[in-house]
Number of protein chains: 2
Amino acid sequence: MRFASELKIIFMSKDKNRSNCPISCSLELWGDKWSLLIIRDLMLAKQCTYGDFLKSEEKISTNILAARLKTLEQHMVIEKLEHPNSKSKVLYKLTKKGIELLPILVEINLWGEKYYADIPDKTKALLKDVKKDKKSFIRRTIKKLDID
Amino acid sequence: MRFASELKIIFMSKDKNRSNCPISCSLELWGDKWSLLIIRDLMLAKQCTYGDFLKSEEKISTNILAARLKTLEQHMVIEKLEHPNSKSKVLYKLTKKGIELLPILVEINLWGEKYYADIPDKTKALLKDVKKDKKSFIRRTIKKLDID
DNA sequence: TTAATTCACTTGCAAAACGCAAGTGAATTT
DNA sequence: AAATTCACTTGCGTTTTGCAAGTGAATTAA
């Protein structure tokens, strides 16, 4: 099935967009309940293994995780790296395109903080930092993520 | 069924969240391929009828639209108004909570503009304005949406 | 050196969500 | 009075999700 499924990607590359609206196009790629959580994990941890994602609080199921990782990789939002000291482990990290989703995640975080209760202390602390100087927070975080 | 379905909202209010992460909670509410397009339409048009949403380029199907409008209303992101000169029409508009999604939509728009081609001229013009002064754009747009 | 464990996935299957087309009843227009 | 518009609802086939169990390669433990 390897070859067949790769052909599928090349020739049937998920037909036409609904529209050229950048919001609509973006949602077609990562507009679901899981993709941005994967991105979030990578923003916080810089690099994650498959198992790391599974350990996250929201308990994504393994088949969904595999599917999301595949399409995010196909669309170059994330990339795979080989683990420095293990052939059986795989490292995932954000590409530049993925890192640039940070401002979106920041705004979602701020909105969510305003309308949901019992925000974890760790998140609160982070958002306090964000609110002190949003631009600087984003610049600093991107810098951290950018270095290999 | 009116009363029964309202009881359902009160007593069976869609059990537990996956986590208290504000991103995760936000995605549970509007993390799908359609909700933010409804919000987008309301940001641009200020008020929409049911039919207006159906006319949007992305062609949401009517049952999905009805479902999304219901949950967005239940969570007080949008509200219904009676149409000034027709009993058969319904007007939808954003609440304060909904209006405050604007920064998220702006960032999605900017990201999407960067990574997708053939962005409509109207959107390009809007984003040019955004990039000139993001804060001012958001302030002005919120002001416009706020006035009844 | 072999057996157990870990790792990144895949597979099967039931349940839920989606997408399309057609239908409904009240309000409005012709 | 009849036709049309309006905001939905309903039915139904297809797709996606979520859960549990399985797979094979790599690593660790015995």
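Quick note on labels: first sequence line is chain A, next is B, and so on, each numbered from 1.
Between A:K87 and A:I64, it is A:I64 whose nearest contact on DNA chain D lies nearer the 5' terminus. Positionally, the nearest nucleotide of DNA chain C for A:G51 lies more toward the 5' end than for the other of A:G51 and A:N63. Between A:K59 and B:A66, the one whose closest nucleotide on DNA chain D sits nearer the 5' end is B:A66.
The phosphate of C:dA26 has neither OP1 nor OP2 within less than 4.0 Å of any side-chain N or O from B:S88. Taking only side-chain nitrogens and oxygens, B:K89 never comes nearer than 4.0 Å to OP1 or OP2 of D:dC8. For the OP1/OP2 pair of C:dC9 and a distance below 4.0 Å, the side-chain nitrogens and oxygens of A:Y92 include at least one atom meeting the criterion. Here A:T49 reaches the OP1 or OP2 of C:dA8: one of its side-chain N or O atoms lies under 4.0 Å away. Residue B:R68 places at least one side-chain N or O under 4.0 Å from the OP1 or OP2 atom of C:dC18. Between B:T62 and D:dC8 there is no side-chain N or O to OP1 or OP2 distance below 4.0 Å. Between B:W34 and C:dG19 there is a side-chain N or O to OP1 or OP2 distance below 4.0 Å.
In summary, B:K134 and B:E107 engage in a salt bridge, as defined by a charged side-chain N under 4.0 Å from a carboxylate O. Between A:R140 and A:D129, at least one side-chain N (NZ, or NE/NH1/NH2) sits under 4.0 Å from a carboxylate O, which counts as a salt bridge. Remark: A:K96 does not engage A:D146 in a salt bridge, criterion side-chain N to carboxylate O under 4.0 Å.
One atom, CG of B:D32, and another, P of D:dT16, lie 15 Å apart when rounded to the nearest Å. D:dG18 atom C1' lies 20 Å from atom NZ of B:K16, rounded to whole Å. Rounded to whole Å, the distance from CG on B:L91 to P on C:dA27 is 17 Å. For the pair A:E82 CD and D:dA25 P, the interatomic distance rounds to 19 Å; values are reported in whole Å. In this structure, CD1 of B:I60 is placed 13 Å from C1' of D:dC8, rounded to the nearest angstrom. For the pair B:K55 NZ and D:dC8 P, the interatomic distance rounds to 14 Å; values are reported in whole Å. The distance between atom CG of A:L54 and atom C1' of C:dC7, rounded to the nearest whole Å, is 10 Å. Between A:L65 atom CG and D:dT16 atom C1' the separation is 16 Å, expressed in whole Å.
Within the nucleic acid shown, A:K33 has no heavy atom closer than 4.0 Å to any nucleic acid atom.
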Determine, step by step, whether A:E113 and A:K128 satisfy the salt bridge (Lys or Arg N to Asp or Glu O under 4.0 Å) criterion, reporting the C-alpha distance in whole Å, the side-chain angles of both residues, the deciding distance to 0.1 Å, and the verdict.
CA-CA 11 Å; A:E113 190 202 23; A:K128 197 176 172 182; over 6 Å; no
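Between the side chain of A:N17 and the main chain of A:N20, no donor-acceptor pair closer than 3.5 Å is present.
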